[in-house]
Structure formats: C-alpha cells, structure tokens
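Data first, discussion second: the structure below is written as structure tokens.
Please read these numbers as outputs of a predicted model, since none were measured by experiment.
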Amino acid sequence: STAFTRAAFPGLADGVHVLRVQAQSAGGVWGPVLVWSFTVDTQSQTLRWRADASQQVRLSIAPGVIYMAQKSRLAALDSATGKTLWETSLSDQVSVSCADCIHAAGDRVFVLTNDSELQAFERESGRKVWSQRLSKVSPRILTWGENVVVIERNEKAQRVPAMVRVLNAAGDEQSRFDLTCEKTSSPGDVETASTDAPILVDDEAGMLYAVYGNYGACVQKRNLSTGGLVWSGATDTRFSSSRGASLLLRGGMLLASGQN
C-alpha cells in the first residue's frame with residue numbers, strides 16, 4: 001500500500017503542489033518526489049512528472065525551480081517539467097530534520113550541510129561560489145534580500161550566546177551581533193539565546209526579531225545592516241527554544257507564541 005501526503009510550497013505556479021510518497025510496504029521509507037496539477041474547481045489531480053528521491057531528501061522552492069538535496073548532492077529541477085537543470089556535489093548530507101538548511105536568495109542558493117559547512121552556489125549554473133565552516137553546535141541559516149543570515153554559537157564569548165552574522169552574496173560579512181540581554185528577574189545577570197531560539201527576519205524593513213530565555217524572556221529588535229539594537233523588552237512567556245514557539249509580524253505588531 002502507498003500513502004500520499006500533499007504539501008503546498010510557495011513560489012510554484014498556482015495549482016502545482018509537491019507530494020511525497022511513502023511506500024509503507026517498504027518499511028516506511030520515503031519514495032519518489034511528485035509534482036501534481038491540482039484544480040480547485042474540479043478537484044482533479046494530474047501527474048506532471050516524478051523524480052526519484054531518498055529518505056534524506058530536502059526541498060526548497062523558488063519561482064520556476066525546485067532545489068533538491070539528497071545525500072551529498074544538490075540538484076535544480078524545472079518545476080514545470082521536472083527536467084534537471086544542473087546537479088552538483090555537497091560537502092556532506094543535509095539533515096532531513098533541518099527546515100532552514102536550503103535557501104534561494106538573489107542569484108544564490110545557500111546550503112548548510114551536516115558538517116556545519118555553509119555553501120553558496122550560483123542559481124543559474126550550480127557553480128560553487130564560496131563556502132564557510134560554521135560552529136559545530138546547531139547552526140541555522142535564514143535569508144534577508146540577497147544576503148544569508150547565519151545563526152551560530154559565539155564560542156569566544158562568555159556563556160557562549162547565539163551570534164548573528166549577515167553575509168552578502170560574495171560571502172563577505174556585513175554585520176554581526178550576539179543575542180544577549182539583561183534578565184528582568186535578576187538585574188545585572190545576562191540572558192543568552194540558543195541557536196534554536198525563535199527568530200524572525202523582516203525582509204522589507206531589514207530587521208531581525210528574537211525572543212529567548214525562560215521566564216521573563218527577552219524580546220529584541222535588531223537592525224541587520226548595522227547590528228544595532230533598536231529596542232529590547234521582556235515577556236512573561238517562556239521561549240527557551242524554537243520548538244513549540246513561533247513569531248509572526250502583522251500590522252506593526254509582533255505576535256509570539258510560547259510554552260505557556
């Protein structure tokens with residue numbers, strides 16, 4: 001028997017969805033990646049193309065292109081036809097549990113692999129432009145415009161806080177800052193963020209929002225261009241990690257959900 005799971009991704013043309021197929025008779029191993037045409041009016045589904053994928057596959061969607069990483073390979077597929085536009089090698093696999101390890105921004109594709117290597121590729125050709133080795137403990141990447149926002153541990157700082165670094169398309173560092181604040185419950189004591197703290201990038205404004213800490217958590221807004229602190233506050237909600245927590249920016253308000 002085969003079970004189908006549909007997941008819609010932004011960036012594809014209207015009516016096109018990406019499906020993963022789970023072959024349950026084969027021990028629950030993920031099978032091929034499929035693209036279907038789905039019409040809301042008629043509820044019809046038409047198979048457009050299929051591409052074999054392994055259990056370790058990770059996808060990132062951009063207009064007209066699907067970037068697929070599996071094992072230590074990265075491929076760009078035409079979302080309309082499934083044709084492989086280019087394929088290249090990675091330094092290691094991309095973690096199947098990492099939702100923030102492949103991003104397309106500007107004319108680059110940024111990939112973070114299990115060996116903590118951040119690699120930048122040309123979107124048109126797949127040529128590797130540069131790479132950097134990040135800290136080994138749970139680094140993450142986000143994007144801001146054509147830049148990649150790196151979130152990693154600052155091993156040289158006291159209490160090893162999460163550090164944010166903004167790199168441009170050439171891999172040059174534009175700004176950096178640690179995510180730390182003074183605890184409201186214990187003046188003079190410092191709260192530090194972990195790398196999996198809830199973080200939101202406001203792409204249009206060039207701002208970063210972060211919430212971290214246990215009780216009396218810090219809420220901060222940072223300027224990504226300069227690294228400067230715009231404002232800092234506190235909340236009674238617990239935000240020790242991004243698991244079970246999320247941030248949303250709507251109408252000039254920062255909405256946050258936590259564990260209580």
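- Residues Pro161 and Leu179 fail the side-chain proximity criterion, which asks for heavy atoms closer than 4.5 Å.
- With hydrophobic clusters built from ILVMFWY side chains whose heavy atoms lie under 4.5 angstrom apart, Met253 does not share a cluster with Leu208.
- No donor-acceptor pair closer than 3.5 Å links the side chain of Glu204 to the backbone N or O of Asp202.
- Remark: the Ser131 side chain and the Glu117 side chain contain an N/O donor-acceptor pair separated by less than 3.5 Å.
- Counting heavy atoms from C-beta outward, Asn223 and Phe177 have side chains that stay 4.5 Å or more apart.
- The salt bridge (Lys or Arg N to Asp or Glu O under 4.0 Å) analysis of residues 121-130, with sequence neighbours excluded, yields the pairs Glu122-Arg127.
- Remark: side-chain polar atoms of Arg153 are not paired, donor with acceptor, to backbone N or O of Thr195 under 3.5 angstrom.
- Two residues are said to be in side-chain contact when any heavy atoms from C-beta on lie closer than 4.5 Å; Leu248 and Leu200 fail this criterion.
- In this structure, the side chain of Arg165 does not engage the main chain of Glu173 through any donor-acceptor pair within 3.5 Å.
- Without hydrogens or angle criteria, Gln132 side chain to Gly171 main chain gives a donor-acceptor distance under 3.5 Å.
- Judged purely by atom type and a 3.5 angstrom limit, Asn114 uses its side chain to pair as donor or acceptor with the backbone of Ser95.
- Looking only at distances, a side-chain donor or acceptor of Tyr212 sits under 3.5 Å from a matching main-chain atom of Thr180.
- Side-chain atoms of Ser175 come within 3.5 Å of backbone atoms of Leu224 as a donor-acceptor pair (strictly under, hydrogens ignored).
- With a 4.5 Å cut-off between side-chain heavy atoms of Ile, Leu, Val, Met, Phe, Trp and Tyr, the cluster of Val150 takes in Phe110, Leu112, Leu118, Val129, Trp130, Leu134, Ile141, Val148, Leu167.
- With a 4.5 Å cut-off on side-chain heavy atoms, Met207 and Val230 count as touching.
- Remark: the backbone N or O of Ala169 is paired with a side-chain donor or acceptor of Arg108 at under 3.5 angstrom.
- For the pair Gln119/Ser91, a side-chain contact is recorded, criterion being any heavy-atom separation below 4.5 Å from C-beta on.
- More than 12 heavy atoms of other residues, nucleotides or ligands lie within 6.0 Å of CD in Glu155, so this atom counts as buried by the packing criterion.
- Put simply, the side chain of Asp115 reaches to within 4.5 Å of the side chain of Arg133, judged on heavy atoms.
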